[in-house]
Peer 1: 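Handing you this structure, nothing more for now.
Below, each value reflects all heavy atoms present in this structure, side chains not excepted, and no hydrogens, waters or symmetry copies. Computed from a prediction, not measured in an experiment: that's the story for all the values here.
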Amino acid sequence: MYSFRNDYSEGAHPKIIQALTDTNFQQTCGYGLDPLCQQAANTIRRLCQAPAADVHFLAGGTQTNLTAIASLLRPYEAVIAASTGHVNVHETGAIEATGHKVCAVPTPDGKLTPELAESAAGDRQEHMVYPRMVYVSDTTEVGTVYTKAELTALRQYCDRHGMLLYLDGARLGSALASPENDLTLPEIAALTDAFYIGGTKNGALFGEALVLASPDPHFRWHLKQRGAMLAKGRLLGLQFQALLEDGLYLELARHANEAAFRLRDGLAARKIPFLVDSPSNQQFPILPNTAVQRLQDLGYAFEIQQAMDPDHTCIRLVTSWATPDSAVEDFLRDLPACL
């Protein structure tokens, strides 16, 4: 009946499709050196209030993470991440395949703190990998968001230990549009060494915009070596310009969040517990196994997050920029009979 499996099941926002159509026969140079990518990069620098930042466009999140992390670290250096972090559990060992260990630490809410990061850092001696980067996601993989105070504390921790702070922004739109968020793009740009603005999960056909605080004159060599330099790079820049030039990016994220909140409130009204308190477009209700099966039988699709006990399972419901009100209403209408 409807898929709540992820936020990239649909194609792209009509404005992006129109922009692609309007420029379809326009000839440009390749590999991200075209005027469309340059325009989008300038827009991102302006929005981040970071005129010296280096901006690169890549096709997907895993590609962005492995390319950025491999370029920023020396061969013996490692990444600290929450155990739920995307680089730890959902990238097929992509970071390890570049030669960098991911030092994972369990967290109660998907977020790292300086204390948790230090617990994963080890002895910092020559017989062990050297922790040089703290990796965070905003939103996290369980839908929580970082506050300015929390990200500032991690920045200060990294500064004390000579470490880099990297933010995975696959769902940054949802984080920025969350009612619990107090971070701005300029603040994220100032507090991190690198982060990316996710397009794939917020209305783009595909694409992520990587922002490097300290430009690396050889980063394009890393892009090419990792297969991340798209020949038709203009297709990436064009999409980000369409998303960011007039506030569409946050408008789409707000729609996704609001749809998720209606699901959350409807579930909570039925006294259904949640794995975490998520203020974003991912919700994690804990349902009887019989209800999970009945919802699936009705045609609803979603991910199984984890078994809670022999009789209950946590599922993940994800809404997108294109989720219609009717899908939420239908789900909540069918829920009582499934329970």
Peer 1: Is Gln27 atom CD crowded by more than 12 heavy atoms from other residues, nucleotides or ligands, each under 6.0 Å away?
Peer 2: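 No, because the 6.0 Å sphere around CD of Gln27 holds 12 heavy atoms or fewer from other groups.
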Peer 1: Apply salt bridge (charged side-chain N to carboxylate O under 4.0 Å, His left out) to Glu208 and Lys201, showing your working.
Peer 2: CA-CA 9 Å; Glu208 326 298 329; Lys201 296 176 179 177; over 6 Å; no
Peer 1: Between Asn24 and Thr21, do the side chains contain an N or O donor and an N or O acceptor separated by less than 3.5 Å?
Peer 2: no
Peer 1: Is the Tyr196 ring parallel, tilted or perpendicular to the Tyr166 ring (thresholds 30°, 60°)?
Peer 2: tilted
Peer 1: Just checking, is any N or O donor in the side chain of Arg316 or Gln283 under 3.5 Å from an acceptor N or O on the other one?
Peer 2: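 Not at all, the side chains of Arg316 and Gln283 share no donor-acceptor pair under 3.5 Å.
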Peer 1: Count I, L, V, M, F, W, Y as connected when their side-chain heavy atoms are under 4.5 Å apart, and connections chain through other members. Are Val129 and Val79 then in the same cluster?
Peer 2: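 Different clusters: Val129 never reaches Val79 through Ile, Leu, Val, Met, Phe, Trp or Tyr contacts under 4.5 Å.
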Peer 1: Check the side chains of Thr319 and Asn281 for a donor-acceptor pair under 3.5 angstrom, ignoring hydrogens and angles.
Peer 2: no
Peer 1: Determine, for Arg124 against Glu118, whether the closest basic-nitrogen to carboxylate-oxygen distance falls under 4.0 angstrom.
Peer 2: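 Answer for the salt bridge query: yes.
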Peer 1: Do Tyr135 and Asn88 have side-chain N/O donor and acceptor atoms under 3.5 Å apart?
Peer 2: no
Peer 1: Tell me, yes or no, whether the heavy-atom count around Phe219 atom CZ, taken from other residues, nucleotides or ligands under 6.0 Å, exceeds 12.
Peer 2: yes
Peer 1: Side-chain contact, heavy-atom cut-off 4.5 Å: Leu235 with Leu36?
Peer 2: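 SC-SC contact between Leu235 and Leu36 ruled out.
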Peer 1: Which pair of non-hydrogen atoms, one from Gln38 and one from Leu33, has the smallest distance, and what is that distance?
Peer 2: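 Here Gln38 and Leu33 meet closest at NE2-O, 2.9 Å.
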Peer 1: Which pair of non-hydrogen atoms, one from Ala53 and one from Val211, has the smallest distance, and what is that distance?
Peer 2: CB-CG1, 3.8 Å
Peer 1: Just by distance, with hydrogens left out, do Asn202 and Asp7 show a side-chain donor and acceptor under 3.5 Å apart?
Peer 2: no
Peer 1: Please check this pair: side chain of Thr200 against backbone of Gly207, looking for a donor-acceptor N/O pair closer than 3.5 Å.
Peer 2: yes
Peer 1: Would you tell me whether Thr43 and Gln241 have side-chain atoms, one donor and one acceptor, within less than 3.5 Å of each other?
Peer 2: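 Thr43 vs Gln241: donor-acceptor pair found between side chains.
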Peer 1: Nearest 0.5 Å, what's the OH-CZ distance between Tyr76 and Arg132?
Peer 2: 8.0 Å
Peer 1: Report the C-alpha distance between Arg262 and Asp325 in whole Å, list the side-chain angles of each, state the deciding distance to 0.1 Å, and finish with yes or no for salt bridge (charged side-chain N to carboxylate O under 4.0 Å, His left out).
Peer 2: CA-CA 9 Å; Arg262 288 195 294 275; Asp325 292 342; 2.7 Å; yes
Peer 1: Give, for atom CD1 of Ile69 and atom NE2 of His100, the distance between the pair rounded to the nearest 0.5 Å.
Peer 2: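 Atom-to-atom, Ile69:CD1 and His100:NE2 are 8.5 Å apart.
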Peer 1: When you check the side-chain N and O atoms of Gln293 and Asp297, is any donor under 3.5 Å from an acceptor?
Peer 2: yes
Peer 1: Can you confirm whether the side chains of Gln306 and Thr313 place a donor and an acceptor under 3.5 Å from each other?
Peer 2: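 Per modelled atom types, Gln306 and Thr313 side chains form no pair under 3.5 Å.
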Peer 1: Side chains of Leu238 and Thr23, heavy atoms from C-beta outward: is any pair under 4.5 Å?
Peer 2: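 Yes, side chains in contact.
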Peer 1: Might you point out which heavy atoms bring Ala40 and Phe240 nearest each other, and give the distance in Å?
Peer 2: CB-CB, 4.4 Å
Peer 1: Under a 3.5 Å cutoff, is there a donor and acceptor pairing between the side chains of Thr144 and Asp109?
Peer 2: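 On atom types as modelled, these side chains do not qualify, holding no pair under 3.5 Å.
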Peer 1: For Ala82 and Thr107, work out which heavy atoms get closest and say how close.
Peer 2: CB-CG2, 3.8 Å
Peer 1: State, yes or no, whether a side-chain contact exists between Leu164 and Val134 at a heavy-atom distance under 4.5 Å.
Peer 2: no
Peer 1: When you group the ILVMFWY residues by side-chain heavy-atom contacts below 4.5 Å and let the links chain together, are Phe261 and Trp321 in the same group?
Peer 2: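 Trp321 and Phe261: separate clusters.
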Peer 1: Look up atom CD in Glu91 and atom CG in Asn65, then write down how far apart they are to the nearest 0.5 Å.
Peer 2: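 If I round to the nearest 0.5 Å, the distance is 4.5 Å.
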Peer 1: Side-chain heavy atoms nearer than 4.5 Å, only ILVMFWY residues, links allowed to pass through others: does that put Ile272 and Val276 together?
Peer 2: no
Peer 1: Kindly compute the distance separating OH (Tyr300) from OG (Ser3), expressed to the nearest 0.5 Å.
Peer 2: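 Nearest 0.5 Å value for the OH-OG distance: 12.0 Å.
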Peer 1: Between Phe206 and Tyr8, is the gap from one ring center to the other below 6.0 Å?
Peer 2: no
Peer 1: Stepwise, does the salt bridge (charged side-chain N to carboxylate O under 4.0 Å, His left out) test hold for Asp54 with Arg220?
Peer 2: CA-CA 11 Å; Asp54 205 6; Arg220 285 179 58 81; over 6 Å; no
Peer 1: Do side-chain atoms of Glu10 reach the backbone of Ala12 as a donor and acceptor pair under 3.5 angstrom?
Peer 2: no
Peer 1: So, for Tyr146 and Gly110, which heavy atoms are closest and what is the spacing to 0.1 Å?
Peer 2: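 What the structure gives for the nearest pair is OH-O, 4.2 Å.
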Peer 1: Run Glu187 and Lys148 through salt bridge (charged side-chain N to carboxylate O under 4.0 Å, His left out) and show every step you take.
Peer 2: CA-CA 8 Å; Glu187 290 167 342; Lys148 182 179 178 181; 3.0 Å; yes
Peer 1: Do you know the tightest heavy-atom contact between Asn181 and Val145?
Peer 2: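 Closest heavy-atom pair between Asn181 and Val145: N-CG2, 4.5 Å.
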Peer 1: Indicate whether the side chain of Asn257 and that of Ser280 have a donor and an acceptor atom separated by less than 3.5 Å.
Peer 2: no
Peer 1: How are the rings of His86 and His90 set relative to one another: parallel (under 30°), tilted (30 to 60°) or perpendicular (over 60°)?
Peer 2: tilted
Peer 1: For residues Leu165 and Leu112: do they belong to one hydrophobic cluster (side chain heavy atoms under 4.5 Å, members Ile, Leu, Val, Met, Phe, Trp, Tyr)?
Peer 2: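 Result: yes, single cluster for both.
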Peer 1: May I ask you to test the Leu248-His13 pair for a side-chain heavy-atom distance under 4.5 Å?
Peer 2: yes
Peer 1: Without swapping roles, check the side chain of Ser178 against the backbone of Ala175 for a donor-acceptor pair under 3.5 Å.
Peer 2: no
Peer 1: Before accepting this row, confirm whether a basic side-chain N of the pair Lys15/Asp246 lies closer than 4.0 Å to the acidic partner's carboxylate O.
Peer 2: yes
Peer 1: Are there over 12 heavy-atom neighbours, none belonging to Arg74, within less than 6.0 Å of that residue's CZ?
Peer 2: no
Peer 1: Please determine whether a side-chain nitrogen of the Lys or Arg among Asp330 and Arg333 lies less than 4.0 Å from a carboxylate oxygen of the Asp or Glu.
Peer 2: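 The answer is yes: the pair qualifies as a salt bridge.
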Peer 1: Any chance you could measure Ile197, atom CD1, to Leu244, atom CG, to the nearest 0.5 Å?
Peer 2: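 Separation between the atoms: 5.5 Å.
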Peer 1: Nearest 0.5 Å, please: how far is CE in Met1 from CG in Leu295?
Peer 2: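 Answer for the CG-CE pair, Leu295 versus Met1, is 10.0 Å.
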Peer 1: Taking the side chain from Thr92 and the backbone from Ala94, do they hold a donor-acceptor pair closer than 3.5 Å?
Peer 2: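 Not a single qualifying donor-acceptor pair exists.
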Peer 1: Between the side chains of Tyr2 and Thr323, does any donor sit under 3.5 Å from an acceptor?
Peer 2: yes
Peer 1: For Gln63 and Thr67, which I'm curious about, is there any donor-acceptor pair between the side chains at under 3.5 Å?
Peer 2: no
Peer 1: Measure from the side-chain N and O atoms of Ser174 to the backbone N and O of Arg171, and report whether any donor-acceptor pair falls under 3.5 Å.
Peer 2: no
